[in-house]
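Each ligand, and each atom within it, is numbered from 1 in the order the structure gives. Remember, it's a predicted structure, so these values are computed and weren't measured experimentally.
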Amino acid sequence: MSLSALEAHIARDLERIDHPAMQWLEPRIAPDGTEALDVLIVGGGQSGVAIGFGLLRAKVDNILVIDGADRGQEGPWRSFARMGTLRSPKDYTGPDLDIPSLTYRSWHEAKFGTDDWDKLGLIPREYWADYLLWVRDVTGVPVRNGVRMTGVSAAGPGLLAVEVEENGHRSVLHTRKLVLATGQDGLGRWWMPECLERLPAPLRAHAADPIDFAALAGKTVAIIGLGASALDNAASALEAGVASVHVFCRRRDP
Ligand SMILES: Cc1cc2nc3c(=O)[nH]c(=O)nc-3n(C[C@H](O)[C@H](O)[C@H](O)COP(=O)(O)OP(=O)(O)OC[C@H]3O[C@@H](n4cnc5c(N)ncnc54)[C@H](O)[C@@H]3O)c2cc1C
């Protein structure tokens, strides 16, 4: 089945499970006279898109997803995730919400064929990012990219005023409910030991920073920590021609 045939199939699937069929939420007017959103989701990664899709299916369709990143750059997949393939097995389901035609497998088979799926070991990282964008497009989840949430306050009974910034302009979105689907970015700030932070910026980087590995060719690189990202970065550095990599782990027995 081609991708366009799969998309037509998905449209039919969604039509058949379209219940409730009618909108059931009363519109709410915000203090500025505009209609408030029913749900604002901050973060357009896989969680934000899956939640948005779940709400659309429940006919909560006055919703918006915002993401500070550009379209396609949501989540870690095209920035600081540096492994070649996902670590999750290829047959995990997720943002498809258990609709077979929306699974990664259906997308992969439509794009590359069933033989390719059978031969596939793990999902290439960039395919996963492409798949997530496709899910968002075929399910019609409304996402505005380049919009960052900067604050939130109460705005009268049952409403929230969410401050956002877009291209340096600040504005307010009113909503009944707010969902934070901000992933690892939402956990605070990226941190490194103070002694490393004090080093000149060109001499150190956090794994979540953009890193010009080619500029490190021929040099010796120290990596602090022995988690999955440490080894992904070690491999990326060696592939880019770094002379040697030393990985440090504080536990005696890792
Ligand atoms: C190296 C690496 C490998 C991984 N491998 C796997 C794997 O194989 N399988 C797996 O299941 N998981 C893996 N993960 C975990 C992965 O991060 C999560 O599974 C997935 O990204 C979680 O999706 P999410 O939508 O919750 O968060 P994210 O994908 O992180 O999305 C959060 C979004 O919120 C946006 N955001 C944050 N703050 C704001 C704000 N204030 N305003 C607007 N937007 C904001 C961000 O721009 C981002 O796009 C890996 C993670 C890393 C770093």
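Salt bridge annotation for D232-R87: present, with a cationic side-chain nitrogen under 4.0 angstrom from a carboxylate oxygen. Under a 4.0 Å N-O distance rule, the pair D118/K90 does not qualify as a salt bridge.
Taking CD from E35 and CD1 from I29, the interatomic distance works out to 5.5 Å, rounded to the nearest 0.5 Å. Between the CE atom of M149 and the CG atom of L178 there is a distance of 5.5 Å, given to the nearest 0.5 Å. Distance check, rounded to the nearest 0.5 Å: CG of L102 to CG of D96 gives 6.5 Å. Note that CE of M1 is 5.0 Å distant from NE2 of H9, once rounded to the nearest 0.5 Å.
Closest to atom 39 (C) of ligand 1 among all protein heavy atoms lies T182 CG2, 3.8 Å. The closest protein non-hydrogen atom to atom 43 (C) of ligand 1 is G68 N, 3.3 Å.
At a 3.5 angstrom cut-off on N or O pairs, R82 does not count as close to ligand 1. In terms of N/O distances under 3.5 Å, ligand 1 is not approached by P76. At least one N or O atom of G75 sits closer than 3.5 Å to an N or O atom of ligand 1. Polar contact with ligand 1: present for S47 (N/O pair, distance under 3.5 Å). Taking only nitrogen or oxygen atoms, main chain and side chain alike, R87 reaches within less than 3.5 Å of ligand 1. The shortest N or O to N or O distance between Q46 and ligand 1 is under 3.5 Å.
For atom 15 (C) of ligand 1, no protein heavy-atom neighbour is found at a distance under 4.0 Å.
Residue-level proximity to ligand 1 for S229 is carried by the side chain, the only part with a heavy atom below 4.0 angstrom. With a 4.0 Å cut-off on non-hydrogen atoms, Y92 does not touch ligand 1 at all. At a 4.0 Å heavy-atom cut-off, ligand 1 touches A181 through the backbone alone.
Nearest to atom 35 (C) of ligand 1 by heavy atom, out of V49, N145, D67, is D67. Taking all heavy atoms of D232, D185, N233 into account, the minimum distance to atom 46 (C) of ligand 1 is reached by D185.
Residue G43 approaches ligand 1 through these ligand atoms, each under 4.0 Å from one of its heavy atoms: 33 (C), 34 (O), 35 (C).
By the 4.0 Å heavy-atom criterion, V147 is counted among the residues contacting ligand 1. The closest approach between a heavy atom of W128 and any atom of ligand 1 is not below 4.0 Å.
Side-chain atoms of N62 and Q23 form no donor-acceptor pair, as typed in the model, at a separation below 3.5 Å.
Across all non-hydrogen atoms, the minimal contact from A230 to G225 is CB-O, 3.0 Å.
Residues in residues 20-70 take part in no ring-ring contact (aromatic ring centres under 6.0 Å, His included) pair, two or more places apart or across chains. Sequence neighbours left out, the pairs with a member in residues 196-241 that pass ring-ring contact (aromatic ring centres under 6.0 Å, His included) are W190-H206.
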